[in-house]
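Chain letters run A, B, ... following the sequence lines, proteins first, then strands; residues in each count from 1.
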There are 2 protein chains.
Amino acid sequence: MEVPAPRRTRIQQEKRELILEAALEVFSTNGFRGSTIDQIAEAAGMSKPNLLYYFRRKEDIHETLMQRLLDTWLAPLRELDDIGDPLTELRSYIRRKLEMARDFPRESRLFANEILQGAPRIMPMLEGELKTLVDEKAAVIKGWMRAGKIARTDPWHLIFSIWATTQHYADFDVQVRAVLGPNRGGDGRFEDAARFLEQLFIDGLKPKT
Amino acid sequence: MEVPAPRRTRIQQEKRELILEAALEVFSTNGFRGSTIDQIAEAAGMSKPNLLYYFRRKEDIHETLMQRLLDTWLAPLRELDDIGDPLTELRSYIRRKLEMARDFPRESRLFANEILQGAPRIMPMLEGELKTLVDEKAAVIKGWMRAGKIARTDPWHLIFSIWATTQHYADFDVQVRAVLGPNRGGDGRFEDAARFLEQLFIDGLKPKT
DNA sequence: GCAAATTTTGACCGATTGGACAAACGTTAG
DNA sequence: CTAACGTTTGTCCAATCGGTCAAAATTTGC
């Protein structure tokens, strides 16, 4: 099952990192098919044949990037724990996801690109690892509902809505900034978003009598 | 300012529609750069030179598609009206947006693709028409808050969250279906989503004591 | 029915693309 | 020092791409 990690020299490790960093930048803004090896090579400061010495095919770069992404991407959900106050747990899950949108927007866009195009390369992972994890956490949330700690609703769609609202600030960043304008679209937008989302998820919109 | 609509024969109108329909399918799943004229031509059942007789450049197809999209895309928000009960207004805005995600997923994905790649072709429209419309509706919502009809919060981020949660069911459809599995991922998922979103936006997650 | 206008097609072109390859250049261990 | 190994580069290739063009086929107006 486990593929043995190939032995690599120091230079190989460094250069591969350099390439992956450059490829993340290029892929996340142009999509897989919209990106060229030349673009990535230039962004990494090396020639195309040299890049191809470290990654034999364009797909290999993308695949490596994807595998790394998925681990870190699901980390916040994995941390969602049964211990502690449910509302607090959900609040900090939302906060963690929003922080990821703020700190790793390229990774978010890379993922969004892949899903948008029908997830051709990561479908098995969605139906396997991801579904298992979500089902597991949905069960935890269901427990909280049964215990009367949070309102009864659909845990799966709750998780979707957290993903959607937080990743929106990475994936649709240009739209968010365009609509907010130069004043409110600055660095403060993530704190505004955090405040808003907390209120939305906890209290909803109904006026407090 | 207004460009006169070119006179077109019956065949031109029909074929142009055929091409736009095919291009919507292709562009929305592969992105602009990921789509080829050949693909669109084949999907439209004609040869490439024949397609290029109706649209001189690949960009022209995309541009035409975009212009049409934006009108229908913003229609639900335009309908958000100051008359009627605020909570009911917002509820039906959410419902309308979710119906669009269900009925026009390709249009949603086309738009998402464009924004993801930095909105190179529609940036002026985002900063102009879209921002104006959102600011206008945000003012309406602010009025509701001042009148105590809905809870005080940030109207812009409220609109973002409605966009994000509803469009998620079109843009991330494959992920939603993969996670829900064959049972719950069927046609009923939109009704489940509608029920969940209504509850989320109105009442939030706090237990009803 | 026929000439003019429109539509369709096959052949073609230059540019770009992903990738191969051998030769040149560096580095490292004995 | 030097032979083996690792790295980099210039050159090249076949496939695909967006788009052109002239000629053929079809439709339309009279």
Spacing of [X] atom [atom1] relative to [N] atom [atom2], expressed in whole Å:
| X | N | atom1 | atom2 | value |
| --- | --- | --- | --- | --- |
| B/Asn50 | D/dT26 | CG | P | 13 Å |
| A/Leu51 | D/dG6 | CG | C1' | 17 Å |
| B/Tyr53 | D/dA23 | OH | C1' | 15 Å |
| B/Arg16 | C/dT6 | CZ | C1' | 15 Å |
| A/Gln13 | D/dG6 | CD | C1' | 15 Å |
| A/Leu52 | D/dC13 | CG | P | 18 Å |

*Would you list the pairs meeting ring pair (Phe, Tyr, Trp, His ring centres under 6.0 Å) in which at least one residue belongs to residues 28-47 of chain A, sequence neighbours left out?*
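Residue pairs with at least one partner in residues 28-47 of chain A: A/Phe27-A/Phe32, A/Phe32-A/His62.
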_Contact list for DNA chain C against residues 55-67 of chain B - heavy-atom distance below 4.0 Å_ =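 Correct list: empty, so none.
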*Between the side chains of B/Trp144 and B/Asp82, is a donor N or O closer than 3.5 angstrom to an acceptor N or O?*
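Yes, B/Asp82 and B/Trp144 have a side-chain donor paired with an acceptor closer than 3.5 Å.
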Lys/Arg N to Asp/Glu carboxylate O, [X] vs [Y], below 4.0 Å:
| X | Y | answer |
| --- | --- | --- |
| A/Arg195 | B/Asp154 | no |
| A/Glu21 | A/Arg68 | no |
| A/Glu129 | A/Arg78 | yes |
| A/Arg189 | A/Asp173 | yes |

*Is B/Arg121 reaching over with its side chain to a backbone N or O of B/Glu114, donor-acceptor style, under 3.5 angstrom?*
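No.
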*Is there a donor-acceptor pair under 3.5 Å between the side chain of A/Arg33 and the backbone N or O of B/Asn30?*
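No; zero donor-acceptor contacts below 3.5 Å.
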*Does B/Trp73 have any side-chain hydrogen bond (donor to acceptor under 3.5 Å, both in side chains) partners at least two apart in sequence or in another chain, and if so, which?*
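If we apply the side-chain hydrogen bond (donor to acceptor under 3.5 Å, both in side chains) test to B/Trp73, skipping adjacent residues, there are no hits.
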*Taking only N and O in the side chain of B/Lys15, is any of them less than 4.0 Å away from OP1 or OP2 of C/dT8?*
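Yes, B/Lys15 has a side-chain N/O under 4.0 Å of OP1/OP2 on C/dT8.
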*Name every residue in residues 32-49 of chain A that has at least one heavy atom under 4.0 Å from any atom of DNA chain D, in order of residue number, or write none if there are no such residues.*
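Those residues whose heavy atoms fall under 4.0 Å from DNA chain D, taken from residues 32-49 of chain A in numerical order, are A/Arg33, A/Ser47, A/Pro49.
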*Which angle, rounded to 10°, do you find between the first-five-pair axis and the last-five-pair axis of the helix from C/dG1-D/dC30 to C/dG30-D/dC1?*
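Computed angle between terminal axes is 20°.
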_Tell me the closest heavy-atom pair linking B/Ile122 and B/Ile115, and the distance in Å._
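It is CD1-CD1, 4.1 Å.
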_With side-chain hydrogen bond (donor to acceptor under 3.5 Å, both in side chains) as the rule and sequence neighbours excluded, what pairs involving residues 35-51 of chain A come up?_
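As it turns out, there is no side-chain hydrogen bond (donor to acceptor under 3.5 Å, both in side chains) pair with a partner in residues 35-51 of chain A once direct neighbours are skipped.
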